[in-house]
Amino acid sequence: MKHLYIVIILTFLSCQNSNKDKIKVITKDQSGSVTIDGTTLNYSIKGKGTPFLLVGSDPEYFSKDLYDNFRVYSVQSRLDASKYNPVDTTKYGFDSLLKDIDTVRSVLGLEKFIIGGHSVFGAVAHKYAKKHPEYVSHIVMMGTPRTYGTALHIDSTNAFWEKAPEKRRLLYQEKRKQLRKQNLKQLSRREVFVKSLVASGPKRWHDANLDATVFFERIGYNLHFLNHLFGNNGIVKYDLCSPEEVIDIPVFVAIGKSDYVGPYTLWDTTCDNLPNLTISLFEESGHTPQYEQSTLFNKRLINWVQKKK
């Protein structure tokens, strides 16, 4: 990308009405932003090698070694947008989320790339690849539950947690107890949400005592949109092993053995609709193997991409 300021105004005509949606793009060096309908999505470009579009995920979870093999284009979603304009939830569906990603992809000029995401955003990456297979060479999911928002997801997650070591479950209860003792009324909704995520550490990390405050505080959660995505009536519900999710693009799933929010046991099934699926279990990771076992994750991912070229 050239080291200069570029301002691009893209105007699209809606197929449903004559209103114009202005999309303003501002870039500088290896970072930039795309503003869509008043919401600003930042992106960063880092590394060298195979293009890797990372959607809705924190690039700081990756070690520096990864950037020696991949040129990572990390793109915000409306969930963590720097400047957020609330959406009309009656009109913003899953296809709208994919359209946001494709708008940024077009601005970045990416034509063939790996796409990936952490947690549920791995499934978002999968759905983007299914919609736009002409652009995607590989799909990478990190800590992604096979199914989300379904009875199977809820029941399996609860059952897996019940089998967790007693010490881990007691630590979780203690952290939640300490959270309730804090004067949360003086905090913003976002601050309370971050503290809640940190307190859930025993369910998220192999090291049950890990303090992930620095990670969660870095993300600018838009709770209105968070609920729209992942709430009880959220738009993100899926089962990646269902027939409608068929895709023959190579898929790499990195899952942690100590992940109690998206247990690896959900993948203990045959996915006939994913003939090119590779599942990689990380014995000393929880929900974030790309951080918890970064060296091993990098090695496995690099080897997998080379084999799947």
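No hydrogens, no waters, no symmetry mates; every other heavy atom, side chains included, goes into these values.
Proximity of the aromatic rings of Tyr73 and Tyr43 is defined here by a centroid distance below 6.0 angstrom, and this criterion is not met. For Phe297 and Tyr291, the ring centers are positioned 6.0 Å apart or more.
Between the side chain of Asp239 and the main chain of Thr147, no donor-acceptor pair closer than 3.5 Å is present. Without hydrogens or angle criteria, Glu292 side chain to Thr288 main chain gives a donor-acceptor distance under 3.5 Å. In this structure a side-chain-to-backbone donor-acceptor pair under 3.5 Å is missing from Arg71 to Thr50. Proximity of a side-chain donor or acceptor of Arg168 to a complementary backbone N or O of Pro202 within less than 3.5 Å is detected. Remark: side-chain polar atoms of Arg78 are not paired, donor with acceptor, to backbone N or O of Leu41 under 3.5 angstrom. Between the Thr157 side chain and the His153 main chain, a donor and an acceptor come within less than 3.5 Å of each other. Using a distance-only test at 3.5 Å, with no hydrogens or angles considered, a donor-acceptor pair links the side chain of Ser96 to the main chain of Gly93. For Gln76 (side chain) and Asn42 (main-chain N/O), a donor-acceptor pair under 3.5 Å exists by modelled atom type. Listed for the Lys130 side chain is a donor-acceptor partner under 3.5 Å among the backbone atoms of Glu244.
More than 12 heavy atoms of other residues, nucleotides or ligands lie within 6.0 Å of NZ in Lys175, so this atom counts as buried by the packing criterion. Within 6.0 Å of NZ on Lys64 lie no more than 12 heavy atoms contributed by other residues, nucleotides or ligands. The local environment of CD in Glu166 is sparse, with at most 12 non-hydrogen atoms from other residues, nucleotides or ligands closer than 6.0 Å. Counted within 6.0 Å of CZ on Arg176, heavy atoms from surrounding residues, nucleotides or ligands total more than 12; the atom is thus considered enclosed. The environment of Lys237 atom NZ is dense: over 12 non-hydrogen atoms of other residues, nucleotides or ligands sit within 6.0 angstrom. Surrounding NZ of Lys308 are more than 12 heavy atoms belonging to other residues, nucleotides or ligands, all under 6.0 Å away.
Side-chain polar atoms of Asp37 and Thr39 form no donor-acceptor pair below 3.5 angstrom. For the residue pair Asp211 and Thr213, a side-chain donor N or O sits within less than 3.5 Å of a side-chain acceptor on the partner. A side-chain N or O of Ser63 and one of Asn298 form a donor-acceptor pair less than 3.5 Å apart. Judged by distance alone, the side chains of Gln182 and Gln178 never bring a donor and an acceptor atom under 3.5 Å apart.
A continuous path of Ile, Leu, Val, Met, Phe, Trp and Tyr side chains, each step under 4.5 Å between heavy atoms, connects Leu281 with Val251, placing both in one hydrophobic cluster.
Each of Phe252, Trp304, Phe70, Phe52 was scored for a ring pair (Phe, Tyr, Trp, His ring centres under 6.0 Å) with His138, with one residue passing: Trp304.
With salt bridges taken as basic N to acidic carboxylate O contacts below 4.0 Å, one links Lys127 and Glu245. A salt bridge does not link Arg204 with Asp259: every distance from a Lys NZ or Arg NE/NH1/NH2 to an Asp or Glu carboxylate oxygen is 4.0 Å or more. We find that Asp102 and Lys99 are not joined by a salt bridge, their nearest charged nitrogen and carboxylate oxygen being 4.0 Å or further apart.
Annotation for Ala254 and Phe282: closest pair CB-CE1, 3.6 Å, computed over non-hydrogen atoms. Of all non-hydrogen atoms in Leu110 and Tyr135, the two that sit nearest each other are O-CD2, 4.4 Å. Considering every non-hydrogen atom in both Phe160 and Pro263, the closest pair reads CD2-CB, 3.4 Å.
Relative orientation of the Phe113 and Tyr128 rings is tilted, given thresholds of 30° and 60° on the angle between their planes.
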(Q) If you apply the rule side-chain hydrogen bond (donor to acceptor under 3.5 Å, both in side chains), what do you find for Thr35 with Thr40, and how did you get there? (A) CA-CA 4 Å; Thr35 301; Thr40 300; 3.0 Å; yes
